[in-house]
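Below: one structure, written as structure tokens.
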Protein chains: 2
Amino acid sequence: MADVARIAGVSHQTVSRVLNGHPNVRASTRERVLAAIDQLGYRRNLSARALVTRRTNTLGVVAFDTTLYGPASTLFGIEQAARDAGYFVSIVSLKTITRKNVDEALDYLTAQAVDGMIAIAPQIEAAAAVSRVPGHLPVVAVEGGEAGATPVVAVDQVAGARLATQHLLDLGHRTVWHVAGPAEWLEAEGRTTGWQATLEQAGAPVPRLIQGDWSPRAGYEAGRAIAADREAGAIFVGNDQMALGLLRALTEAGIRVPDDISVVGFDDIPEAEFFSPPLTTVRQDFAEVGRRSIGLLLDLIESGSVGRDEHERIVVPPTLVTRKSTAPPTTA
Amino acid sequence: MADVARIAGVSHQTVSRVLNGHPNVRASTRERVLAAIDQLGYRRNLSARALVTRRTNTLGVVAFDTTLYGPASTLFGIEQAARDAGYFVSIVSLKTITRKNVDEALDYLTAQAVDGMIAIAPQIEAAAAVSRVPGHLPVVAVEGGEAGATPVVAVDQVAGARLATQHLLDLGHRTVWHVAGPAEWLEAEGRTTGWQATLEQAGAPVPRLIQGDWSPRAGYEAGRAIAADREAGAIFVGNDQMALGLLRALTEAGIRVPDDISVVGFDDIPEAEFFSPPLTTVRQDFAEVGRRSIGLLLDLIESGSVGRDEHERIVVPPTLVTRKSTAPPTTA
DNA sequence: GGCTATGGCGCATCCGGTGCT
DNA sequence: CAGCACCGGATGCGCCATAGC
């Protein structure tokens with residue numbers, strides 16, 4: 001910066017003023033400074049800047065299993081939005097969620113002195129951990145639960161499940177079975193809730209819940225069980241991956257979809273359209289979730305508040321994508 | 001830090017020494033300092049530290065379409081390895097690759113004064129851009145090409161394609177068709193090369209290449225074309241997603257896999273095992289790629305070299321995963 | 001060997017100074 | 001002479017390194 005000042009024939013503080021868009025600089029002076037900066041290829045030292053401003057211009061993100069389509073997409077949206085807003089993003093992705101794990105991750109980001117944090121906290125344990133971050137640090141939970149005093153941005157899982165269940169009911173199915181995600185996941189919980197509520201509201205019987213773990217394998221096993229007892233005519237599966245496994249199991253058992261059984265998934269992964277048959281599913285707008293969470297976080301940061309007073313909750317609506325895996329029941 | 005020093009009854013210098021694991025500190029003093037740190041919940045200011053050490057302890061990663069399984073997995077591996085090594089990671093993910101795009105991303109990370117960079121550069125354009133980063137900054141390209149003087153860590157695409165093609169040949173197929181990824185992708189290029197070389201080596205005819213773009217839709221269209229002219233008996237598809245679309249198209253056309261046509265994919269995404277039929281494919285160890293690239297980058301950083309003298313290239317071997325989508329040809 | 005004092009990293013910012021209207 | 005636009009000197013952020021005790 002001293003060099004720039006010398007070349008431009010001004011003091012280094014004038015350079016600083018130009019850099020920070022301060023008003024009290026004559027246009028011609030600004031030009032000269034800019035020219036010198038350009039000539040030298042100068043870039044200011046962000047560490048020094050952070051030292052005095054006490055802001056690192058970095059946002060921390062804790063994510064879980066970014067190998068899955070949902071988290072990866074959300075992360076992607078977050079990163080885009082943050083960069084557009086001029087923030088750097090530092091990420092920690094965890095394969096498994098344990099209390100220790102999450103605490104370490106939050107600690108890690110705190111050590112880095114991020115200006116704010118986003119935790120993709122789809123599990124109960126993670127959501128709880130989020131509420132333990134140092135009190136002065138703005139935090140937004142994505143897909144977090146109601147618990148704790150952290151602002152949340154989430155897709156409306158209950159509404160999504162209602163969409164799926166109602167769709168099957170509307171087609172004329174007597175009831176709808178459900179293959180759920182793991183119990184610790186808030187999303188699984190929301191979807192189960194929506195499914196059950198819709199059935200009860202319609203006066204339909206609520207079949208026993210089938211537990212899965214999001215994996216295609218779990219879906220496959222659920223499919224085999226369903227194929228074995230031949231009770232179900234319509235199934236709402238907790239995510240598309242499990243739906244894939246389930247379709248596979250039904251195919252192997254000689255059960256035709258949608259002729260014998262209708263299937264609805266959740267997520268609308270890019271592959272879903274090419275399943276056999278193409279999957280009717282519930283689409284989540286992950287990019288929007290990313291954008292909204294960054295928006296909320298930046299509001300908190302810029303307002304200087306920590307946002308834990310009035311627990312804000314932004315909900316993004318999902319939509320139903322109808323394809324070929326659902327049809328009216330064949331009255332046998 | 002001054003507070004810690006006061007509580008411990010030493011100078012702030014001694015605190016610094018304890019923090020940096022300096023040897024010349026009496027054990028009892030160290031204890032006192034540690035106790036004081038603990039009591040105050042003190043964390044050192046990394047900006048201040050970076051200012052004087054000129055190292056930010058941050059690694060930059062540029063990735064493309066982290067929504068896809070491959071990039072997401074690689075990124076995950078990188079992040080894990082970096083964190084294990086005590087580095088923060090700052091990411092930029094790009095949806096599309098243009099020269100401008102990539103340059104901006106690299107610029108962005110440079111501005112952040114990262115200690116080193118990893119560019120997941122699977123496209124020719126991206127690989128070229130990588131060679132333009134400021135000369136003093138250590139860079140490793142993942143999935144980059146031979147061009148430029150940047151060290152590279154990559155899965156051996158040619159070998160993978162050979163595995164796939166040879167497998168089909170060994171089953172007795174007269175030749176193997178190939179649905180390739182987009183031409184600008186180095187991975188697509190490598191796979192095509194391996195496929196063609198294997199055919200030529202075996203004295204098998206080389207069918208015309210079918211172009212795809214990695215998407216299930218492209219695979220679907222390729223599948224329709226193949227179903228229409230009924231020439232192919234064995235197909236090596238450039239990735240699993242396209243293979244899914246292709247399987248779908250074949251199914252619709254009443255072609256049975258593997259009875260009528262054998263299909264091999266590439267990637268081994270988690271869903272592949274549950275395709276109809278379960279897909280024989282080539283597995284890439286993305287986590288290993290992530291680890292190796294971080295290892296290489298840290299070597300460069302710690303050796304103070306920039307590593308552009310002897311263009312190192314680390315190659316990770318892929319493996320064939322045999323499932324149900326391939327079988328000997330039915331001699332009709 | 002075990003410790004303390006001093007200086008400086010590169011920046012922003014307060015405050016005070018110059019020249020002009 | 002008041003008031004403004006513009007600019008520079010000094011100071012300190014929290015840390016590490018060097019020299020000294």
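Letters A, B, ... mirror the listed sequences (proteins, then strands); counts begin at 1.
Annotation: proximity of residues 108-117 of chain B to DNA chain C (heavy atom, distance under 4.0 Å) is found for no residue.
Summarising the geometry, the separation between CG on A:Asn20 and C1' on C:dT13 is reported as 10 Å, rounded to the nearest angstrom.
The base of C:dG2 lies outside donor-acceptor range of the side chain of B:Arg30, with no N or O pair under 3.5 Å. Judged by atom type and distance alone, A:Arg17 does not reach the base of C:dT13 through any side-chain donor-acceptor pair under 3.5 Å.
Which of D:dC7, C:dC11, C:dC3 sits closest to the side chain of A:Tyr42 comes down to C:dC11. With D:dG8, C:dA12, D:dC16 as the candidates, the nucleotide lying closest to the side chain of A:Arg44 is C:dA12. In the set D:dC7, C:dG10, C:dC3, C:dC3 carries the atom at the smallest distance from any side-chain atom of B:Arg26. The nucleotide whose nearest atom lies closest to any side-chain atom of A:Asn45 is, among D:dC16, D:dG8, C:dG10, C:dG10. Nearest to the side chain of B:Ala48, among C:dG2, D:dG14, C:dT4, sits D:dG14.
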For this session: Mind running side-chain contact (heavy atoms from CB on, under 4.5 Å) on B:Leu297 and B:Asp299 for me, showing each step along the way?
Result: CA-CA 5 Å; B:Leu297 182 59; B:Asp299 283 352; over 6 Å; no

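Contact annotation for B:Ser47: no contact, since no heavy-atom pair falls under 4.0 Å across all strands. Using a 4.0 Å heavy-atom cutoff across all strands shown, A:Val25 reaches sugar-phosphate atoms only and no base atom.
The ring pair (Phe, Tyr, Trp, His ring centres under 6.0 Å) test applied to B:Phe64 returns no partner, not counting sequence neighbours.
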